[in-house]
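Below: the structure, in structure tokens.
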Amino acid sequence: MKLSLSRITFWKATAAVFLLGGLVTTIIRFGWGLGASTNLSDMTPWGLWIGFDVVTGVGLAAGGFTLAGIVHIFHIKRFHPIVRPAILTAFLGYCLVIVGLLFDLGRPWAIWHALIYQNPHSVLFEVAMCVMTYTAVLALEFSPVVLERFRLQKILKVVKAITVPLIILGILLSMLHQSSLGSLYLIVPQKMHPYWYSPMLPVLFFVSAISVGLGMTIVESYLSARAFQKTLETPLLRDLARIMIGVLLVYFMMRGIDLFRRDALGYLLDGSFETFMLYLEVAFMLVIPLLLFNIRDWGRSRQGLFFTAFSVVLGFITNRLNVTMTSLEGYYRDNFGVSYFPGIGELAITISIVTVGFVIFALAVKYLPIFPHHEEETVLRLDSAPARATSASMHPSPASELRRH
Amino acid sequence: MVALFVILFVVTLLGVDLLIQARSKQYPIMAAAPAGKALAPERETLRIPKSVFFHPGHTWARLQDGDSLEVGIDDFVQKALGGIDRVLLPNVGDFVRQGDAVITVGHAGKQLSLVAPASGYVRAVNRDAVENPGMVSENPYRDGWLMMIEPAELARNLSMLHVAENAVTWIKDEVKRFREFLSASAAEPALVGEAMFDGGAPMAGVLEQLDDQHVHDFEQQFLR
């Protein structure tokens, strides 16, 4: 097979470099252990892989249960075309979270122990059970796409018959573990900055996950449209953005009340790095999306919706990393003189995991019926050559005149 | 610091992507275009979706979930008008009858009234299209839909409409008829300008150049 250099785009080459970096680090990680491939220590055992790959990754994959619930439980069928891309994102997201965990666990081959040696008093146990079970549920929810592609009608019929119970189970599991990821941090109130420690963390994690799940669906629809001309209708995306903004307003109202009640607002003018990061979070997650969405023509355009949603995604990432890292940095620095910054190996693994997600999503969109089937249409090409008005006519040559979409 | 680093990294990637996009869009201007392509005028097209039913008055209807009809105006009208900057629609709950003029669209001071392609109660109107009429010109068959009707006489109404191959043949005839109409108007050349004779686009925005009487004639001959 001949490799055509003209087909290698900047992003394809960049992805190849990222994946190569990931491959090399994988060898180091599993050949020489965590010490050789990370900057993790006994003092800071949870680093980028937990903060980004797991805690942020699970949230970014929340569109699956949100959209599935809207369409299959509340019967708002208008959003039906969005369900598949959202479930694909969720399924991929959870698979990659598990991959990230395998890198992070000291003994990854013992990951199944949570199933057998249960500790029902541990939040981590609940997260482990929910993530494993929900990934299985997502595999079943996504299976009709593959079954349709390969025309396996009998199995498809069986899966479709259990769709509603599956969706209900998926929503239940998601509610449990999206909030439990926040609960993980309830045991370290003395270590966290008051901006981010809150007894309401589980609720805040759950609500913000709903909004970013919708945002991710808009982002991936825009990128898929750009790459493959496969997309969702703009009004549908705008309705999604409207719901996303509504949920965000509820979220920030809760955040504001929570900060006020815990007397944390007093730090807002202290000029610290934490305060800067909080402002950044609010800017990306609330201020910029609100402004973009309400600029008349911009907020209605596909590109405007993309930037609105992308800003929410950035804000969400900032929030999760603020909770898992920024809020703890001050404690370790002030009490132990320790600071954590991910090693090159950690960065390489995280970047390559995200790259794998992009690559698999692109392949799935290309080869599987993820986005709605675009209807066939005829495009008549009108003659633009000089012609007398009286004899102006259509060119009937079928090859150039008719184009099937 | 880790959070800031991650955000800066993602924003940098987005910035690089925007640069690449901007460069690719500038290509036709910045770089020499391949010989033979630079001077070729963009060919004008008319889209005819296969699943859409066309009323002879240049509105369309599409069956949705078996119990409602999505309604809009076709590509022919919006091209002839040169775009849409004004949309007026009936109220939700109104009963519209097939063939009654119930939709008004306008562009650059010219206004056209169009008929309902089917009878029924208006169950929804596309407020996005009313507030941002450019959507109708951009994608008249999808984002630019105008209203949703609960049909009253579906089978009888649909039998009056053109679909699939019939629609393609009908649109071809309409384009031909439109040009004959314009050539008749061209007895007064100032009314149609040079567009039809200089190799430019033969159809886009031609109605803008006609006077009100000819626009009225167009309405009577093509949109009823």
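Note: hydrogens, waters and symmetry copies are ignored here, and every other heavy atom, side chains too, is used. A note on names: the letters A, B, ... follow the listed sequences, proteins ahead of strands, and every chain is numbered from 1.
Only the side chain of B:L14 comes within less than 4.5 Å of a heavy atom in chain A; its backbone stays farther off. Contact annotation for B:D17: both backbone and side-chain heavy atoms come within less than 4.5 Å of a heavy atom of chain A. In this structure, chain B has a heavy atom under 4.5 Å from the side chain of A:R238, while its backbone stays farther away. Proximity to chain B (any heavy atom under 4.5 Å) is shown, for A:L314, by both the backbone and the side chain. Proximity to chain B (any heavy atom under 4.5 Å) is shown, for A:Y340, by both the backbone and the side chain. Both the backbone and the side chain of A:T318 come within less than 4.5 Å of a heavy atom in chain B.
When side chains are defined from C-beta on, A:L321 does not count as touching B:F5, because their heavy atoms never get closer than 4.5 Å. Side-chain contact between B:V11 and A:F310: absent, with no pair of heavy atoms (C-beta onward) separated by less than 4.5 Å. Within the 4.5 Å cutoff, no side-chain heavy atoms of B:K50 are placed close to those of A:T378. You'll find the side chain of B:L4 reaches within 4.5 Å of the side chain of A:F273, heavy atoms only.
Heavy atoms only, all atoms of each residue included: A:M325 and B:V2 are closest at SD-CG1, 3.3 Å.
Of the listed residues (A:L48, A:T324, A:L347, A:T326), the greatest number of heavy-atom pairs within a distance under 4.5 Å of chain B belongs to A:L347.
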Can you list the steps and then say if B:F9 with A:T350 is a side chain to side chain contact (heavy atoms under 4.5 Å, CB included)? CA-CA 12 Å; B:F9 183 73; A:T350 294; over 6 Å; no
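Note that CD1 of B:I48 is 3.5 Å distant from CG of A:L380, once rounded to the nearest 0.5 Å.
Other residues, nucleotides and ligands place more than 12 heavy atoms under 6.0 Å from the CZ atom of A:F341. The local environment of CZ in B:R127 is sparse, with at most 12 non-hydrogen atoms from other residues, nucleotides or ligands closer than 6.0 Å. No more than 12 heavy-atom neighbours from other residues, nucleotides or ligands sit within 6.0 angstrom of OH on B:Y121. Within 6.0 Å of the CD1 atom in A:I344, the count of heavy atoms belonging to other residues, nucleotides or ligands does not exceed 12.
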